[in-house]
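Predicted model only: the values in this text are computed from it and were never measured. We number each residue from 1, following the sequence as shown.
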Amino acid sequence: MKFGVCVFPGSNCDYDTYYVLRDVVGAEVRFLDFRETKIQNIDCVILPGGFSFGDYLRAGALASKTPIAKAIVDFAQKGGFVVGICNGFQILTELHLLPGALLKNENLRFVCKDVYLRVENSSTPLTKKLEKGEVIRMPIAHGEGRFYVPEDELKRLEERGQILFRYCQEDGSITKEANPNGSVGNIAGVCNETFNVFGLMPHPERACEDLLGYYDGLLLWYSLISA
């Protein structure tokens, strides 16, 4: 599995992600500049967290108009794996590679904290090393992470198994108090209908070493590598 990590002006988790993939996971990885027009010799594209182009207009909106974004759409439509983390998730909804939108947090404040996530689907390439119903812990850091889809689309996502993670309490219960941003259905991560494009607001690259206090994020990377 060869990874490519996209770099936009304003990305700030690109080197973290590159480091985890190369030095912790031991995968082959290279950076992808936002001006590149083709994606070649890559199996999985990662859109990292940050504030691409300063998040002007709307988070992820300007990044979705770059040459690499057009190449990512073509790459995904041909079956390549694409993972968007935080700002990357926002970019993927702007590209309509994932359903819904990421709105401003319900309390209109930037939220930076650890959260618990309940695994809703463990049959995808991103979650196959996890168990359905398992609770994992990761950090979040965002101001526009409130996932929204209309009620009828939410029902379709549930029926098709496209919901990957929900914010939960430590015991796995889904409560309003466990929802850090007001996301519909406590949703923290989703995928597309063909299970090759994934988006999540929590940061797995920040949860991969004992030094950081947790390593649940490793399970996502190892899932992809074994896909």
Are [X] and [Y] close enough for a salt bridge, meaning some N to O gap below 4.0 Å?
X	Y	value
Arg156	Glu159	no
Lys65	Glu94	no
Glu106	Arg146	no
Arg166	Glu158	yes

Within one Ile-Leu-Val-Met-Phe-Trp-Tyr cluster: [X] and [Y], side-chain cutoff 4.5 Å:
X	Y	answer
Val5	Phe51	no
Leu130	Phe195	no
Ile85	Tyr15	yes
Val115	Leu218	yes
Ile42	Val82	yes

Contact check, side chains of [X] and [Y], non-hydrogen atoms, under 4.5 Å:
X	Y	result
Val73	Lys70	no
Ile72	Cys6	yes
Ile136	Phe165	yes

Over all atoms of both residues, closest heavy-atom pair of [X] and [Y]:
X	Y	answer
Glu144	Met201	O-CE, 4.0 Å
Gly217	Cys208	C-SG, 3.9 Å
Glu209	Tyr19	OE2-OH, 2.9 Å
Val135	Asp171	CG2-C, 4.4 Å
Val111	Pro180	CG2-O, 3.8 Å
Leu98	Asn192	CD2-N, 3.5 Å

*Could you give me the CA-CA distance, side-chain angles and deciding distance for Val83 and Val45, then say whether side chain to side chain contact (heavy atoms under 4.5 Å, CB included) is met?*
CA-CA 6 Å; Val83 179; Val45 173; over 6 Å; no
Could you tell me whether the side chains of [X] and [Y] share a donor-acceptor contact shorter than 3.5 Å?
X	Y	value
Asp74	Gln77	no
Glu131	Ser122	no
Tyr214	Asp114	yes

For [Y], is there any backbone N or O sitting under 3.5 Å from a side-chain donor or acceptor partner on [X]?
X	Y	value
Lys128	Ser226	yes
Thr127	Asn121	yes
Asp33	Val7	no
Asn181	Ser183	yes
Asp16	Glu205	no
Arg118	Gly172	yes
Ser11	Cys13	no
Asn105	His142	yes
Glu28	Phe3	no
Asn196	Phe81	no

*List the steps, then state whether side chain to side chain contact (heavy atoms under 4.5 Å, CB included) holds for Phe8 with Leu62.*
CA-CA 10 Å; Phe8 301 97; Leu62 292 176; over 6 Å; no
_Validation row, ring centre Phe89 to ring centre Phe198 under 6.0 Å_ = no
*Begin from the C-alpha positions of Cys191 and Leu126 and carry the test side chain to side chain contact (heavy atoms under 4.5 Å, CB included) through to its verdict.*
CA-CA 9 Å; Cys191 64; Leu126 185 68; over 6 Å; no
*Does CZ in Phe110 sit with more than 12 non-hydrogen atoms of other residues, nucleotides or ligands closer than 6.0 Å?*
yes
*Hey, which of Thr175, Ile187, Asn179 is the one that makes side-chain contact (heavy atoms from CB on, under 4.5 Å) with Tyr167?*
Asn179
*Given the rule in the side chain to side chain contact (heavy atoms under 4.5 Å, CB included) test, do Glu120 and Lys132 qualify, once you have shown the distances and angles that lead to the verdict?*
CA-CA 6 Å; Glu120 298 297 301; Lys132 184 176 181 180; 5.8 Å; no
